[in-house]
Amino acid sequence: MMRRGAARVRWNRAVAVVRDLEERCATPAALLQRVVNSLAIEMFAGLASEGGSKVRMLLTCVDTLPDGSEEGTYYAIDLGGTSFRVLKVELGAGSTIINRKVEHQPIPEKLIKGTSDDLFNFIASALKNFIEREGGEDEGKALGFTFSFPVRHSSISSGTLIRWTKEFSIEEAVGKDVAQCLNEALVRNGVNMKVNVLVNNTVGTLALGHYFDEDTVAAVIIGAGTNACYIERNDAIIKSLGCLTNSGRTVVNVEWGSFRPPQITLTPYDICFNNEAWNCYDQGFEKMISGVYLGEIARLVFQKMAQESDVFGTAIDGLSTPFILSTPSLAAIRKDDSPDLREVGKILEEHLKLPDVPLKTRKLVVKVCDIITQRAARLAAAAIVAILQKIGCDGTLCGTTKVRTMRGVRKRTVVAIEGGLFQGYSVFREYLNEALIEILGEEIAATVSLRVMEEGSGTGAALLAAAYLSTKQNSM
Ligand code: BGC
């Protein structure tokens with residue numbers, strides 16, 4: 001009897017950890033609306049002056065987007081997510097991708113934290129091998145370079161790295177022109193090509209979206225990291241008034257990962273990322289949303305449950321290895337709808353070395369993954385609405401709740417979207433869509449369409465390489 005009582009107390013302690021997490025991660029619609037407003041304000045501040053906000057609002061020098069008339073063969077390199085890609089894209093008239101070859105390669109761990117020469121040599125030699133395998137000609141071909149980190153551009157084909165994010169950390173590369181680093185590595189490796197556009201992955205995705213549909217006004221990435229870009233009017237970019245270019249519009253790379261929403265209190269698990277290895281107090285928003293972090297947040301919660309209680313038994317060493325639980329595993333746990341949560345049991349055993357976890361504990365494990373997923377997806381939805389609000393596409397008419405129409409027809413807004421977390425995790429998508437409806441209301445949400453752009457980051461860079469080769473200025 002006494003033993004049963006003690007077991008119940010221990011169980012309740014584990015439940016209390018989960019309840020506490022749930023309370024701290026709650027994001028009711030009213031809170032999300034406040035997050036939307038703060039991010040929109042930060043975006044204004046970031047456009048007003050350099051360093052005016054933690055949200056950097058980087059100018060990309062992109063004032064021309066592909067319009068479907070591009071033709072020819074182009075190459076692209078896509079660096080920044082979990083794997084790196086080399087692409088060859090053949091374009092025909094009328095928004096036709098005749099052929100697209102994409103090669104994925106994992107980046108060896110040692111290169112992620114090694115030297116910039118090693119990293120860029122690896123990329124250049126991968127491109128060289130790819131061209132050879134393709135039987136292709138490299139001579140003078142345009143090369144798009146997708147580099148998915150914050151960069152200060154000096155032109156469309158050059159820009160210096162402001163800081164690394166996600167898992168990357170090669171200190172001596174900070175402040176260097178990354179296009180030049182790649183160009184030099186191409187020379188060292190005997191590749192006769194030069195970077196003619198350097199773009200963020202959001203910008204690549206926007207380019208592909210725009211290529212297919214000119215109503216595309218913004219692009220979002222929800223993968224290993226998270227971010228967005230959108231088309232801004234030059235007269236709204238106060239920090240560079242007068243310096244901007246031809247078309248009257250410029251694509252702005254928001255870098256929303258570094259946003260720190262004042263309404264959201266960090267959980268003790270989020271705080272674990274505030275150390276030297278993880279950009280200290282930077283990238284706070286990204287750390288609550290993106291693929292590099294979600295699995296690790298869950299592991300930290302499980303570890304706390306194991307410290308407070310014996311729900312995982314006594315052999316809990318597996319729980320102390322950082323990043324042992326990947327975000328795809330978190331997704332698989334949440335998606336398991338078998339009555340005995342068999343998949344959950346399997347993942348706990350195989351990844352965390354926790355055998356024979358009882359069903360009721362597995363249910364708690366699913367709950368933890370659900371809470372973490374839900375907060376991430378809802379915050380991402382709020383950020384998307386902030387962009388729409390910034391460009392006046394959130395459906396409101398001058399701050400009212402009226403739906404915008406054009407000659408009586410509701411104006412449609414297309415947001416291109418890419419990233420493994422969004423594409424590969426249906427529950428995440430459902431929560432995100434649900435939150436969009438909660439914030440915007442059903443009628444307005446129906447005018448916003450999120451269009452997935454497969455391989456948008458890299459393909460878009462090839463398209464921009466094409467667009468910037470031609471002298472014409474396309475419409476934006
Ligand atoms: C980077 C962004 C990038 C995003 C998505 C973030 O960590 O700072 O530049 O777009 O990840 O990959």
Side-chain angles (χ1 to χ4, degrees), residues 39 42-43 46 53-62 76-85 104 107 112-113 144-153 159-170 173-174 178-179 197-209 218-230 251-260 273 277-294 296 327 376 379-380 383-384 387 415-425 428 452-461 464:
L39 179 53
E42 291 301 321
M43 289 170 71
S53 167
K54 268 183 93 63
V55 179
R56 290 195 175 88
M57 305 298 281
L58 299 170
L59 307 187
T60 61
C61 296
V62 173
I77 295 286
D78 181 358
L79 174 77
T82 37
S83 71
F84 131 90
R85 296 158 164 85
H104 295 233
I107 305 186
I112 290 176
K113 299 190 193 309
F145 181 21
T146 305
F147 183 75
S148 309
F149 303 94
V151 160
R152 184 154 289 115
H153 277 268
T160 54
L161 172 62
I162 298 173
R163 78 175 315 159
W164 292 104
T165 56
K166 297 166 280 198
E167 290 123 322
F168 283 74
S169 153
I170 305 173
V174 174
V178 288
V197 295
L198 169 68
V199 294
N200 188 262
N201 52 355
T202 53
V203 180
T205 302
L206 176 66
L208 184 60
V220 170
I221 303 283
I222 308 174
T226 184
N227 189 15
C229 74
Y230 71 101
V251 175
V252 174
N253 169 11
V254 178
E255 287 292 334
W256 73 26
S258 55
F259 175 46
R260 172 78 187 84
F273 294 116
W278 292 99
N279 279 327
C280 280
Y281 292 93
D282 210 354
Q283 298 302 112
F285 201 52
E286 177 161 273
K287 288 170 183 170
M288 290 187 278
I289 296 177
S290 77
V292 168
Y293 306 97
L294 299 191
E296 174 65 355
T327 298
L379 289 177
I384 293 172
I387 304 256
V415 176
I417 189 159
E418 212 216 323
L421 184 54
F422 183 84
Q423 287 169 252
Y425 189 7
F428 188 99
V452 171
M453 290 295 134
E454 289 286 345
E455 297 293 346
S457 317
T459 311
L464 282 163

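Heavy-atom basis, side chains included; hydrogens, waters and symmetry copies ignored. Indexing begins at 1, ligand by ligand and atom by atom, following the structure's order.
- A donor-acceptor contact closer than 3.5 angstrom links the side chains of S148 and N201.
- Take E296 and apply the side chain to side chain donor-acceptor pair (under 3.5 Å) test, not counting sequence neighbours, and it matches R299.
- The immediate protein surroundings of ligand 1, defined as residues with any heavy atom under 4.0 Å of it, consist of S148, F149, P150, T165, K166, N200, N201, I221, G225, T226, N227, E255, Q283, E286.
- The residue from V203, L464, V151 that alone fulfils the side chain to side chain contact (heavy atoms under 4.5 Å, CB included) condition with L198 is V151.
- Residues satisfying the ring pair (Phe, Tyr, Trp, His ring centres under 6.0 Å) criterion with F149, sequence neighbours excluded, are F147, W164, F168.
- Partners of Y293 according to the ring pair (Phe, Tyr, Trp, His ring centres under 6.0 Å) rule, which considers only residues two or more places apart in sequence or in another chain, are F273, W278.
- Atom CZ of F422 is separated from atom CD1 of I289 by 13.0 Å, given to the nearest 0.5 angstrom.
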